[in-house]
Amino acid sequence: MNPKRVLIVDDNAVLVRGLSNVLKGAGYEVLEAEDGAGAVSTARRERPNLVLLDLSFPPDVAHGGGVAWDGFLIMTWLGRMEEAKDIPIAIISANEDPRLKERALKAGAVAYFQKPFEPEDLLKAVRQILGDSEPEPAAGAEAEAGAETASAAETTTPEAGATCQAN
């Protein structure tokens with residue numbers, strides 16, 4: 001059986017590495033993109049089961065200016081692509097503006113995580129979103145979390161119709 005694939009779209013390499021370690025340790029295949037163009041092409045080519053998406057990206061000056069990508073534009077593009085329109089998207093953002101959270105959830109995000117967050121809280125939400133049960137912990141096997149930590153995260157999943165507070 002092939003592992004489920006999670007696409008992490010964030011320009012913070014440290015966060016991506018930490019989340020990758022956590023997700024791989026839980027048995028997921030991890031795909032990575034650092035910008036909108038990478039997110040769209042990876043989603044089209046690889047068809048992940050879930051996208052973890054940041055909302056803010058630096059200007060795309062390295063690629064001649066191009067499109068001014070942000071998480072909302074990426075969500076719009078993915079929603080219009082036949083290959084990606086049904087992929088759930090969870091937001092991971094450092095922006096503290098509560099209006100962005102509301103906007104993201106209205107735009108179709110299934111969860112919203114405020115950075116910094118506890119990687120185990122995110123992993124629990126990933127399992128819930130993907131309908132995976134939590135595996136029995138192997139003796140002495142724990143995924144190392146190199147991601148940023150602290151703060152609480154709130155997730156909303158339409159499948160369950162519930163909101164859960166993770167502290």
Side-chain angles (χ1 to χ4, degrees), residues 5-23 26 28 30-44 48-81 84-130 145-167:
R5 291 186 269 184
V6 178
L7 171 59
I8 302 171
V9 185
D10 200 305
D11 59 313
N12 181 330
V14 173
L15 177 84
V16 171
R17 189 176 319 114
L19 284 178
S20 291
N21 289 340
V22 169
L23 293 168
Y28 294 101
V30 176
L31 307 166
E32 300 173 4
E34 65 181 359
D35 59 22
V40 170
S41 77
T42 301
R44 175 176 279 138
N49 301 94
L50 172 66
V51 175
L52 298 178
L53 177 63
D54 190 8
L55 289 178
S56 300
F57 295 89
D60 193 10
V61 294
H63 298 98
V67 175
W69 290 102
D70 71 2
F72 294 107
L73 182 58
I74 295 169
M75 288 177 69
T76 299
W77 273 72
L78 294 176
R80 291 179 179 167
M81 293 171 32
K85 68 181 183 182
D86 296 323
I87 299 171
I89 299 171
I91 302 300
I92 50 176
S93 179
N95 194 309
E96 296 181 8
D97 185 344
R99 293 174 296 182
L100 285 182
K101 176 182 176 181
E102 182 180 334
R103 181 178 168 202
L105 294 173
K106 282 183 179 178
V110 298
Y112 191 99
F113 280 85
Q114 180 70 47
K115 293 178 191 174
F117 51 81
E118 292 293 334
E120 287 303 316
D121 293 338
L122 182 84
L123 180 58
K124 183 177 179 181
V126 166
R127 286 182 176 131
Q128 181 182 4
I129 293 164
L130 295 176
E148 303 165 27
T149 60
S151 192
E154 184 176 306
T155 61
T156 305
T157 56
E159 298 85 10
T163 299
C164 55
Q165 191 75 336
N167 294 321

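- Under the side-chain hydrogen bond (donor to acceptor under 3.5 Å, both in side chains) criterion, Ser20 pairs with Glu32, sequence neighbours left out.
- With sequence neighbours excluded, the residues satisfying side chain to side chain contact (heavy atoms under 4.5 Å, CB included) with Asp97 are Asn95, Arg99, Leu100.
- Atom-to-atom distance recorded for Ser56:OG and Trp69:CH2 is 15.0 Å, nearest 0.5 angstrom.
- The shortest non-hydrogen separation linking Leu31 to Pro48 is CD1-CB, 4.0 Å.
- Separating the CD1 atom in Ile89 from the CG atom in Leu105 is a distance of 12.0 Å, to the nearest 0.5 Å.
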Query - Worked verdict on Leu23 versus Leu52 for side chain to side chain contact (heavy atoms under 4.5 Å, CB included) - result: CA-CA 11 Å; Leu23 293 168; Leu52 298 178; 4.0 Å; yes

Query - Test log, rule side chain to side chain contact (heavy atoms under 4.5 Å, CB included), inputs Leu15 and Phe117 - result: CA-CA 10 Å; Leu15 177 84; Phe117 51 81; 4.1 Å; yes

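- Nearest heavy-atom pair, Val9 versus Asp35, reported as atom, atom and distance to 0.1 Å: CG1-O, 3.9 Å.
- Here the CE-CD1 distance, from Met81 to Ile87, works out to 7.0 Å after rounding to the nearest 0.5 Å.
- Here the OH-CG distance, from Tyr28 to Leu123, works out to 6.5 Å after rounding to the nearest 0.5 Å.
- Of all heavy-atom pairs between Asn49 and Leu130, the closest is O-CD2, 3.4 Å.
- Nearest heavy atom pair, residue Gly38 against residue Ala33, reads C-CB, 3.5 Å.
- A pairwise comparison of heavy atoms in Ala39 and Leu7 identifies O-CD2, 3.8 Å as the closest pair.
- Taking CG of Asp54 as the reference point, atom CG of Asp11 lies at 6.0 Å (rounded to 0.5 Å).
- In this structure, CZ on Arg5 lies 12.5 Å from CG on Leu50, to the nearest 0.5 angstrom.
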Report task. Check step by step if side chain to side chain contact (heavy atoms under 4.5 Å, CB included) holds for Val22 and Leu122. Result -> CA-CA 9 Å; Val22 169; Leu122 182 84; over 6 Å; no

Requested in this report: Take Met75 and Val51 through the side chain to side chain contact (heavy atoms under 4.5 Å, CB included) test and state the conclusion after the steps.
Outcome: CA-CA 10 Å; Met75 288 177 69; Val51 175; over 6 Å; no

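- The salt bridge (Lys or Arg N to Asp or Glu O under 4.0 Å) check on Arg103 picks up nothing, with sequence neighbours excluded.
- Gly71 and Leu53 make their closest contact through O-CD2, 3.4 Å (heavy atoms, listed as atom of the first residue, atom of the second, distance).
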